[in-house]
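Owing to the predicted nature of the structure, the values given are computational and were not obtained by experimental measurement. Here is how names work: the chains are called A, B, and so on, in the same order as the sequence lines, proteins then strands, and each is numbered from 1. Reckoned from all heavy atoms, side chains included, excluding hydrogens, waters and symmetry mates.
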There are 2 protein chains.
Amino acid sequence: MSASTDTIAVPSPADFHVHLRQGELAQLVTKHPNLKPPVTNTEQALLYRAQLHAIDPSVEYLMTLYLSPELTPDEIRKAAQAGIVGVKSYPRGVTTNSEGGIESYEAYYPVFAAMEEVGMVLNLHGEVPSAVATNTCVLNAEPAFLPHLRKLHAQFPKLRIVLEHATTRAAVECVKSLGPTVACTITAHHLSLTVDDWAGQAWHFCKPVAKYPDDRAALQEVVKEGHPRFFLGSDSAPHPYESKAAAAPTTACAAGVYTSPILLPLVAHLLESFGALDKLEGFVSGHGRAFYGRRVKEGGERIVLRRASRKVVAIEGYGAGTTHVVPFWAGKEIGWEIEEEPSK
Amino acid sequence: MSASTDTIAVPSPADFHVHLRQGELAQLVTKHPNLKPPVTNTEQALLYRAQLHAIDPSVEYLMTLYLSPELTPDEIRKAAQAGIVGVKSYPRGVTTNSEGGIESYEAYYPVFAAMEEVGMVLNLHGEVPSAVATNTCVLNAEPAFLPHLRKLHAQFPKLRIVLEHATTRAAVECVKSLGPTVACTITAHHLSLTVDDWAGQAWHFCKPVAKYPDDRAALQEVVKEGHPRFFLGSDSAPHPYESKAAAAPTTACAAGVYTSPILLPLVAHLLESFGALDKLEGFVSGHGRAFYGRRVKEGGERIVLRRASRKVVAIEGYGAGTTHVVPFWAGKEIGWEIEEEPSK
């Protein structure tokens, strides 16, 4: 990163966790993914990658498969040869389109052994389902998952694992305490929000939910520390207005915060707000690429950010007769913007 | 209470914490109160009571004043003579129309001494304001208030204090541990909801927010125990559709759950769901009246509940060009209903 007072150049920034959706919504949001049905084999992943390339061919899409009983050690080897980098696991029912998620990891040990062998990454949505009997709800679902992470890592110490979208001090401390094969993504919005922000505010509601102020502080601290195993995964997830504005009083709104259209300027803005602007390059590019083993291409794209005062507005035009997808930070100003022509 | 399998008769049920609002909204909801400006002296309270009587003269309204620097020991004595039963305290900014709430109680010690002397009740909204520096947010705002309650009770052991709308095990245990002058109201909706229910669901969002499953269990347990210092205060608070459906992505929706139109059947339904139907009379009538020193009138009204299967619907017709106020439990069935003609 080269930084002067007013511009920052970041080589090949990367988002290591983003939801691009399908169909009409993908057309709208890809430039700027949970899928139904889930992508459970190599053919489906390659087909989806081809669809995404048709929308924007300039992006390198790192594809993952969905952890399910269909997945075999053979399929893992086949997927690795086809360039698929990871497998994603959702606990049952805790997030959008994850009704088929896992309840116990032990059945997947042969799959994990094959992944360890071929160098594939396991991406974990680190929450257990809510359960009254164990006092588990959206607030403690992530800390309750951490023993599963510790156990998996002990069993497969060479398997690279990414704990996705950590939201708690407990998760940060757990990942730090584990070996170099365990990393963690952090979203932009979890660097900004606490529970007070999504209480009664549909557009700030996501899973995992934002937690206590001290949890947000832990996320900010580990970024400010420049810890190499913590990097950006936006978990950006667009939902149309109707799904968010809680039209029906008898249903909950869709979970997800949409940051893709403003991601890099927003992250710069947030990191600057807590004195971590000098860690931007590592957080958005270097750390994640190093963990995934993707080198920054010589002479590759560099994104230049410059100081600005840009108000975030809603995106119009999704779907027939409907309204819009409202991005995070709508109505507020961001202190950075991307220069129109990326410098090579 | 006389209970057979299919009917329950409750003498003079009472709601010891309800928001009736003002103006047009009061016209709509009173049959079935936070005010702007707050009611800070005797004249205002008597005027408001007269307005409420004009809407429904059959109800005995127990009026309270709002704790503010305007309130003096002399005003307390005057209010007590006029039949005003209590003083309500809101911490600054934590709930609807409470921007002028208190930050420290010590300035009010002369007022509390006068209240103790004349037998007036102090009603406390038991939450401290959110503060990043102390890791305080809507989830722990109530436990953080309890030391203030303990200190007040130690200072004024004969002052009757009601901790309003308790939501946590910590609050239940605190009130139980204090003397016979300290009581606690519980809402119907906090006997039903946890944080998972208001996550992304505007109509379930209220202050205090519903907490963990174990907190809800503590509320249910103390009702089931029939503890005489715990009784119903609905905190029922109607808000129009526009304030709830989070129309603007940049603002939070209004806090409040509206239970008044279904209150007694709903409470019966909920108490039955956790095996406490036999505690209904004490919870909705006896305990609160005893604490406030209001006797059940000889030959007074008895409400008879009978078994039913009633679906709760939204109330139409509030305001110009607007939609409706959606009550709690909308779309769900309640297993009890009130007999049309109350038996005398």
Thr134(A), Thr194(A), Val138(A): which one forms the most heavy-atom pairs within less than 4.5 Å of chain B?
Val138(A)
Least distance between heavy atoms, Tyr212(A) atom then Cys137(B) atom
CD2-SG, 3.6 Å
Asp214(B) and Asn135(A): which non-hydrogen atoms are nearest, and at how many Å?
N-OD1, 2.7 Å
Looking at every heavy atom in both Gly200(B) and Phe205(A), which two are closest together, and how far apart are they?
CA-CD2, 3.6 Å
Selection from Leu139(B), Val209(B), Val195(B) maximising heavy-atom pairs under 4.5 Å formed with chain A
Leu139(B)
Heavy-atom distance under 4.5 Å to chain A: side chain of Thr136(B), backbone, both or neither?
backbone
Part of residues 163-176 of chain A lying next to chain B, heavy-atom separation under 4.5 Å:
none
Close side-chain approach of Arg216(B) and Val132(A), heavy atoms under 4.5 Å:
yes
